[in-house]
Amino acid sequence: MRVGVLTGGGDCPGLNAVIRAIVRKGVQEYGYEFTGFRDGWHGPLKGDTVPLDIPAVRGILPRGGTILGSSRTNPLKAENGVRRVKENLAKYEVDALIAIGGEDTLGVATALSDEYGVPCVGVPKTIDNDLAATDYTFGFDTAVNIATEAIDRLHTTAESHMRVLVVEVMGRHAGWIALHSGLAGGANAILIPEQRFDVDQVCAWVESRFKIRYAPIVVVAEGAMPKDGDMVLKDQSLDSFGHVRLSGVGEWLAKEIERRTGKEARTTVLGHIQRGGTPSAFDRWLATRFGLHAIDAVRDQDWGKMVALRGTDIVRVPLRDATTQLKTVDPRLYTEAGVFFG
Ligand code: F6P
């Protein structure tokens with residue numbers, strides 16, 4: 001048995017831990033061989049491969065990024081994409097494919113598996129934590145820790161200058177990173193895509209914070225939207241899955257706060273720092289377990305499945321269920337955090 005492995009979409013800490021676990025268990029316990037496909041779906045589409053064996057995965061557990069590279073290539077949109085993928089799998093004698101990715105990468109795995117008979121197993125990853133079928137995705141915990149540390153640091157500088165600091169965090173259309181890091185970092189306002197925000201209300205929270213001689217920290221998710229108006233974007237460019245690139249709301253909000261309150265306001269956009277560097281212990285643990293269970297799914301020939309975390313168990317769910325619904329923040333969780341606003 002030869003198993004192909006690819007990592008697609010935005011990279012996130014823990015990808016290498018999954019790859020290592022898949023290869024270690026696959027070689028040691030099942031005698032499988034592996035082919036790494038480079039840069040997500042670009043690899044099978046173009047026949048671009050990397051050797052993948054035990055020496056190749058040695059020492060990669062704590063390393064961020066992915067030794068296989070990643071991209072947002074969509075083979076379903078490429079000319080004869082499915083045929084080319086199938087031909088390359090045959091050329092490299094790959095019997096099964098493990099796709100490690102988010103909504104888009106796993107959406108392709110779902111179509112290949114359900115509609116075109118390609119034996120695929122999926123592993124969920126994204127710092128956004130927005131995949132419905134799993135309690136958590138690896139990468140999220142690391143991103144939250146990085147954002148929390150940034151908020152801690154911003155508190156001290158904000159207080160030295162008595163100014164507002166707006167922190168824009170990633171998460172696409174889900175507010176998980178904002179909510180978790182905002183709570184952990186003691187933010188005075190947390191704005192998430194699931195609940196449109198009122199700029200006057202944010203200004204009132206800011207003013208009340210200054211009254212007690214503290215400088216406010218406002219955490220805003222890149223996908224958060226004001227009550228009146230549209231999503232604030234730096235530019236309108238789309239990625240190859242048709243998603244608009246988010247970011248810009250933090251800058252816009254700081255200007256609005258300054259204009260309406262007369263208080264100095266600055267913005268920090270955390271951006272890709274949230275995706276880089278070594279994974280947290282939790283993400284290493286989760287990624288490793290996902291890898292071990294993904295190779296078991298291959299052994300069982302349980303195609304069209306994704307491994308998922310339910311409580312502390314790793315279960316298998318249909319890939320289709322994992323990619324059809326976005327997991328967004330429950331309004332009750334957001335209301336709970338409201339006691340700290342202002
Ligand atoms: O999905 C992960 C993510 O980091 C989002 O939070 C963010 O909107 C997007 O990817 C950024 O994408 P890119 O790496 O293409 O800039």
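Indexing begins at 1, ligand by ligand and atom by atom, following the structure's order. The residues of the chain are indexed from 1 along the displayed sequence. This is a predicted model, so every value here is computed, not measured.
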Side-chain donor/acceptor pairs under 3.5 Å, residues 14-31, sequence neighbours excluded:
from	atom 1	to	atom 2	distance (Å)
Asn16	OD1	Ile67	N	2.8
Asn16	ND2	Arg63	O	3.1
Asn16	ND2	Gly64	O	3.1
Asn16	ND2	Gly65	O	3.4
Arg24	NE	Gln28	OE1	2.6
Lys25	NZ	Asp296	OD1	3.2
Lys25	NZ	Asp296	OD2	3.2
Tyr30	OH	Asp296	OD1	2.5
Tyr30	OH	Arg299	NH1	2.8

Which residues pass the side-chain contact (heavy atoms from CB on, under 4.5 Å) test with Asp330, sequence neighbours left out?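 By the side-chain contact (heavy atoms from CB on, under 4.5 Å) rule, Asp330 matches Arg332, Leu333.
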Pairwise salt bridge (Lys or Arg N to Asp or Glu O under 4.0 Å) hits with a residue in residues 265-282, at least two apart: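 Every salt bridge (Lys or Arg N to Asp or Glu O under 4.0 Å) pair that includes a residue of residues 265-282, provided the two are not neighbours, is Asp11-Arg275, Glu264-Arg266.
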Measure from the side-chain N and O atoms of Lys327 to the backbone N and O of Asp135, and report whether any donor-acceptor pair falls under 3.5 Å.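 Answer holds: yes.
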Backbone N/O of Gly139 and side chain of Asp283: donor-acceptor pair under 3.5 Å: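 Yes: the side chain of Asp283 pairs with the backbone of Gly139.
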Before accepting this row, confirm whether a basic side-chain N of the pair Asp39/Lys46 lies closer than 4.0 Å to the acidic partner's carboxylate O.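 So Asp39 does not pair with Lys46 through a salt bridge.
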Run through ligand 1 for me and note each protein residue having a heavy atom under 4.0 Å from it, chain first, then residue number.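 For ligand 1, the contacting residues are Arg72, Ile127, Asp128, Met170, Gly171, Arg172, Glu222, His272, Arg275.
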